[in-house]
Number of protein chains: 2
Amino acid sequence: MGKTRERIVDASAELFRRQGYIGTGMKQIVAAADAPFGSLYHFFPGGKEQLGAEVIRHAGRYYEELVMGIWDAAPDLTSAIDAVFSGAAEVLRQTDYADACPIATIALEVASTNEPLREATADVFESWFVQGAARLEAAGIKRADARDLIVALLSLLEGAFLFGRATRDAVHVERAGQAAAALVRDALGRVNGSPGRAGRTRRRPTPPRRTR
Amino acid sequence: MGKTRERIVDASAELFRRQGYIGTGMKQIVAAADAPFGSLYHFFPGGKEQLGAEVIRHAGRYYEELVMGIWDAAPDLTSAIDAVFSGAAEVLRQTDYADACPIATIALEVASTNEPLREATADVFESWFVQGAARLEAAGIKRADARDLIVALLSLLEGAFLFGRATRDAVHVERAGQAAAALVRDALGRVNGSPGRAGRTRRRPTPPRRTR
DNA sequence: GTCTATACTTTGATAGAC
DNA sequence: GTCTATCAAAGTATAGAC
């Protein structure tokens, strides 16, 4: 229904997430996008690599907005963490253990083999770190701790995605969420003796400006 | 110098870890193994899939023994966690951010596309969970907590590997190790009020029997 | 912008001599 | 067990009519 170029990017993102970048063929993409083959190289003269880079950045930003939207909708920090992990586990189940992180598979595939695409994934992850750290700070985590904490929280999520997909069991994601909550409690306790209300964020945390 | 079949498996494991299963060709494998092409299908009549399954199980067991060996050599639980994560970060740096988890890339590639290989990765991960949980129990973690904790610790490691390779920065692995240590302290505190000696493992934790 | 046909390369896999 | 030649299929990419 949308524009052809848009459909190509969306279909590619879906296929890359499930089959990886290398495992997805250009012919499969145009078939899934219901797009003419000629349009592919019309819109992406740089070929598969240009398409891959665009998909990584597009899917990365989309997922960032999805997760941060859930985060911001929660009344406090611990609820936010719980909502993100619970929601991720639910999506994993509902998609037959296919839809987890949109770029993790690509990131590992290209990390040592394709420098432009590796940089694209690194940029996406860095943006996630910045956005998450800003929210942790807004919730009262010390600036010096926020960066380390968000990396740990997202590592828990990514690792649990890996185990969840491989074992076809989303409980790993939920349990990782409980571990994430424990890490948050620790960090909050380090700055505030009363953990009861320490986790309460401002009602409308100033959304940090995107750096792009 | 070893037997041909052995060289093929080892070379495949190395290539799969860095380039993934799909991204590695059979011709590249025989070249790296310095093996005759005919031998490949002589030893692996099931083709690439049979080779992939064997590499997953072989590399999975090798890595398990490597990590658990480091674990068992540490004087106490928190030292063990630190040693594992620090060692992993060091290897990551020394290999130009190539050598992290030997099967994570394959696991994500095949999770939704190749059921036999997906099962192989699931078996490996499950074995890691069992071995790790047994060691946590031996260190005083309650049985009911050990399983959840080992999944969280390994999720931290796997997620940090992903970010470390993508951003070419091993500090993520070290920081994940600190978060892992915090989770362990929490779990130990839940069973023993004196965290000072609570983390002390038995000098020779009974190695749980392998289930294969 | 769309569409078809096709060029070129690489892939996994096989056959058969040695 | 080894080695070479080769297959059929799939991969990415291009050309050119419309």
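By convention in this document, chain letters (A, B, ...) are assigned in the order of the sequence lines, proteins followed by strands, and residues within each chain are numbered from 1.
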Q: Identify all pairs in which a protein N or O lies below 3.5 Å from an N or O of nucleotides 2-6 of chain D, and state each distance.
A:
unit_1	atom_1	unit_2	atom_2	d
dT2(D)	OP1	T4(B)	OG1	3.4
dT2(D)	OP2	S39(B)	OG	2.4

Q: What is the distance from CG of L51(A) to P of dA13(D), rounded to the nearest Å?
A: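 For the pair L51(A) CG and dA13(D) P, the rounded distance is 10 Å.
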Q: With salt bridge (Lys or Arg N to Asp or Glu O under 4.0 Å) as the test, would you mind laying out the steps for R7(B) and D34(B) before giving the verdict?
A: CA-CA 8 Å; R7(B) 287 207 316 278; D34(B) 196 28; 5.3 Å; no
Q: When the distance from CE of M26(A) to P of dT12(D) is rounded to whole Å, what number comes out?
A: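 These atoms are roughly 6 Å apart.
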Q: Rounding to an integer number of Å, can you tell me how far K48(B) NZ sits from dT14(C) C1'?
A: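 After rounding, the reported distance stands at 17 Å.
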Q: Taking the six-membered ring for Trp and the single ring otherwise, decide whether the centroids of H172(B) and F129(A) are under 6.0 Å apart.
A: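 Centroid separation for H172(B) and F129(A): below 6.0 Å.
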Q: Going by an N to O cut-off under 4.0 Å, is there a salt bridge joining R93(B) and E174(B)?
A: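 Yes.
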Q: In whole Å, I'd like the distance from the CD1 atom of I22(A) to the P atom of dT12(D).
A: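 In whole Å, dT12(D) P and I22(A) CD1 are 10 Å from each other.
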Q: How long is the line joining CD1 of I29(A) and C1' of dG11(D), in whole Å?
A: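 Spelled out: CD1 on I29(A) to C1' on dG11(D) is 12 Å.
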Q: Would you say Y41(A) places a side-chain N or O within less than 4.0 Å of OP1 or OP2 belonging to dT14(D)?
A: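 Y41(A) to dT14(D) OP1/OP2: no side-chain N or O under 4.0 Å.
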Q: Do R18(B) and T113(A) have side-chain N/O donor and acceptor atoms under 3.5 Å apart?
A: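 Side chains of R18(B) and T113(A): no pair found under 3.5 Å.
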Q: Tell me whether K48(A) contacts the main-chain N or O of Y21(A) through its side chain, where contact means a donor paired with an acceptor under 3.5 Å.
A: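 A pair under 3.5 Å: yes.
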Q: Only counting residues at least two apart or in another chain, list the ones meeting ring pair (Phe, Tyr, Trp, His ring centres under 6.0 Å) with F85(A).
A: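 Not a single residue meets the ring pair (Phe, Tyr, Trp, His ring centres under 6.0 Å) criterion with F85(A).
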Q: Using whole Å, report how far CG of L40(B) lies from P of dG1(D).
A: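 It is 14 Å, rounded to the nearest whole Å.
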Q: Could you tell me how far apart F44(A) (CZ) and dT14(D) (C1') are, to the nearest whole angstrom?
A: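 Computing the F44(A):CZ to dT14(D):C1' distance gives 18 Å.
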Q: Measure the distance from CD1 on I8(A) to P on dT12(D) and round it to the nearest whole Å.
A: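 So the two atoms are 14 Å apart, to the nearest Å.
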